[in-house]
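Take a look at the structure set out below.
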Amino acid sequence: MLFEDNLTFLALKILVTYAGTMAMMFSTTNFKVVRKKSVIIAMISGYAVFTVLSTYLILILLGWEQLLRGFILTISCPTVLLLYTVSDEPFARLTFSHVTHILVSLYIAATVTLINTALHGTELSDILLRILFYLPVVLFDFYCMRHIWLDFVRMVKKGWGILALIPCAFIILFLTTALYPEHYTKRPTSILLLYLLGVVIITVYLSIGSYLFMQYGRLQAEQNRALLEHQVENIRRENAGIEALAKQTKIIRHDLRHMLSTIASLAESGDTQAILDFIENTDGLSRDIPTPLHYCGDPILDATLTGYLASAKEMGIALETSLSIPDTLPVDGAELAICFANILESAIHICEKLPEKERKLTVRCSHRPRLMFEVACPIQGKMKFDKKGLPTPPDGSLINSVRSIVAFCDRNGANCSFKAESGWFQIIVIL
């Protein structure tokens, strides 16, 4: 039952479908940071009014089937372009996501029409069924898929142009099968073909998900490899410092033999004052002995801390450190080193953007009652946070590091928090 003569119902049906599709699109879209959100709300509300009015006009002039055949050009494409103007995403990636939602919406609308027709339902039952179908899909998108999807797309930067062609092609196939030469409700074979096409679509999207997952894993592996290379470089730097210390100590030991020989000669002559003067003149020798920096007993974690803090000093960042790390760590030292490296790398990256006089880094660690690692640094402007309390800077600079820190905490039952208060950004991990 299409109720083609009831124009008010048809316009309302289009509006409900439009609202459900828009809600799905909203759930996986990152919007631009704007001061006046009312502008975005006004644009979207205005376009909703345009959708209803244009639907009425097309229904009166061309009829219901012509509206369905042309809705991609009259409703869907303008909607994607509208969201692109207010979103913070590349066009190809946004097109893939939103056209996929349109494709899902087409299947929801078709399924509701078939169920309502089979049950000999009314206009009211049709509207209620649409709301009943769209609501759980929107909630699932927002509460389950949003964070997973946004994590994937932040990591995968390339290939979206080709991927976006896939849902576009499927929509063309869907519309061709459903509306030509006549509406699918009048041709049982078309209904069968539509749902067979749905099976193909699901299979293709499973393949796309597998591809994105592999890309995600590869990029994470590259990130971990880069961190490990940095840690190896830190270990090499520390070894070079130890070798320099050994050479300096060897020279001092050589000089010490001569000093003791001189003191022995002066002692034999009984010249006490000469011994005191000689010792006073050579007192500066002990100050020439370099003091090696060690933060903990674990060699990998120690090298990581030494390397990153040394890098911070080289960048002109003022350091304030208070580190008390036990010899026995609650988790694997190498894994903890990667977590600490991500924390320090994030803070150093923030400091790099500050004027030289404002660069400061506070690093604290205590192990009673639990191991707690805290890093704080000044920030300029405001730091945005998502609903999980994770920082989301506009340039996306901390995303990979934050994801790695959270993953470490999830694996090891640790707690992490990110705060931005009084001009300071703070990261805390408690094991």
Side-chain angles (χ1 to χ4, degrees), residues 1-25 51-52 54-80 96 98-138 141 164-206:
M1 294 181 182
L2 301 178
F3 307 105
E4 296 179 43
D5 297 330
N6 191 337
L7 298 185
T8 302
F9 161 73
L10 294 177
L12 180 59
K13 183 164 74 169
I14 289 292
L15 183 60
V16 171
T17 304
Y18 168 80
T21 308
M22 285 287 284
M24 288 191 290
M25 291 177 175
T51 300
V52 175
S54 63
T55 298
Y56 258 116
L57 185 61
I58 295 172
L59 284 172
I60 293 170
L61 297 177
L62 301 175
W64 173 245
E65 286 198 17
Q66 295 304 320
L67 173 67
L68 293 179
R69 288 170 179 171
F71 84 93
I72 291 294
L73 296 177
T74 60
I75 299 177
S76 299
C77 288
T79 300
V80 173
F96 173 82
H98 290 353
V99 176
T100 298
H101 283 127
I102 294 171
L103 189 59
V104 172
S105 185
L106 285 174
Y107 270 96
I108 291 175
T111 302
V112 169
T113 298
L114 291 172
I115 292 174
N116 197 57
T117 301
L119 297 176
H120 303 287
T122 63
E123 291 96 329
L124 178 60
S125 63
D126 186 285
I127 297 298
L128 291 177
L129 278 172
R130 287 178 194 278
I131 296 172
L132 187 64
F133 270 68
Y134 275 111
L135 188 59
V137 174
V138 171
D141 264 2
L165 296 176
I166 296 173
C168 293
F170 279 137
I171 282 182
I172 294 173
L173 283 173
F174 181 96
L175 294 178
T176 303
T177 305
L179 301 175
Y180 293 93
E182 56 185 351
H183 198 274
Y184 60 90
T185 55
K186 302 173 184 178
R187 293 177 292 118
T189 54
S190 294
I191 298 173
L192 177 62
L193 289 175
L194 279 181
Y195 286 97
L196 286 175
L197 176 62
V199 173
V200 174
I201 292 172
I202 292 172
T203 303
V204 171
Y205 269 84
L206 287 174

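Only a predicted model underlies this, so the values are computations on that prediction, with no experimental measurement involved.
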For Gly20 and Val138, work out which heavy atoms get closest and say how close.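 So the minimum-distance heavy-atom pair works out to O-CG2, 3.9 Å.
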
Looking at every non-hydrogen atom in both residues, tell me the closest pair between Arg187 and Ala178 and how far apart they are.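 In terms of heavy atoms, the two residues are closest at NH2-O, 3.6 Å.
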
Nearest 0.5 angstrom please: [X] [atom1] to [Y] [atom2], how far?
X: Ile191; Y: Leu196; atom1: CD1; atom2: CG; value: 12.0 Å
X: Thr17; Y: Ile75; atom1: OG1; atom2: CD1; value: 9.0 Å
X: Met22; Y: His101; atom1: CE; atom2: NE2; value: 12.0 Å
X: Thr117; Y: Asp126; atom1: OG1; atom2: CG; value: 8.0 Å
X: His183; Y: Thr113; atom1: NE2; atom2: OG1; value: 6.0 Å
X: Ile166; Y: Ile171; atom1: CD1; atom2: CD1; value: 12.5 Å

Are Phe174 and Leu179 side-chain neighbours, meaning at least one heavy-atom pair lies under 4.5 Å?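 Counting from C-beta outward, Phe174 and Leu179 never come under 4.5 Å.
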
Do Phe170 and Ile102 make a side-chain contact, defined as non-hydrogen atoms from C-beta onward lying under 4.5 Å apart?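 They are not in contact (no side-chain heavy atoms under 4.5 Å apart), so the answer is no.
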
Under the side chain to side chain contact (heavy atoms under 4.5 Å, CB included) rule, what do Tyr107 and Leu197 come out as? Steps first, then yes or no, please. CA-CA 11 Å; Tyr107 270 96; Leu197 176 62; 3.7 Å; yes

Looking only at side chains, do Tyr18 and Ser105 share a donor and an acceptor under 3.5 Å apart?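 Not at all, the side chains of Tyr18 and Ser105 share no donor-acceptor pair under 3.5 Å.
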
Begin from the C-alpha positions of Thr176 and Ile172 and carry the test side chain to side chain contact (heavy atoms under 4.5 Å, CB included) through to its verdict. CA-CA 6 Å; Thr176 303; Ile172 294 173; 4.1 Å; yes

Using the side chain to side chain contact (heavy atoms under 4.5 Å, CB included) rule, take Leu128 and Leu132 through it: C-alpha gap first, then chi angles, then the decisive distance, then the call. CA-CA 6 Å; Leu128 291 177; Leu132 187 64; over 6 Å; no

Is there a donor-acceptor pair under 3.5 Å between the side chain of Tyr184 and the backbone N or O of Leu194?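 The answer is no, because no donor-acceptor pair under 3.5 Å joins these two groups.
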
Short side-chain to backbone donor-acceptor contact, Arg130 and Ile14, under 3.5 Å: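 Looks like no, no N/O pair under 3.5 Å.
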
Let me see the working for Leu175 and Tyr180 under side chain to side chain contact (heavy atoms under 4.5 Å, CB included), right down to the final yes or no. CA-CA 8 Å; Leu175 294 178; Tyr180 293 93; 5.5 Å; no

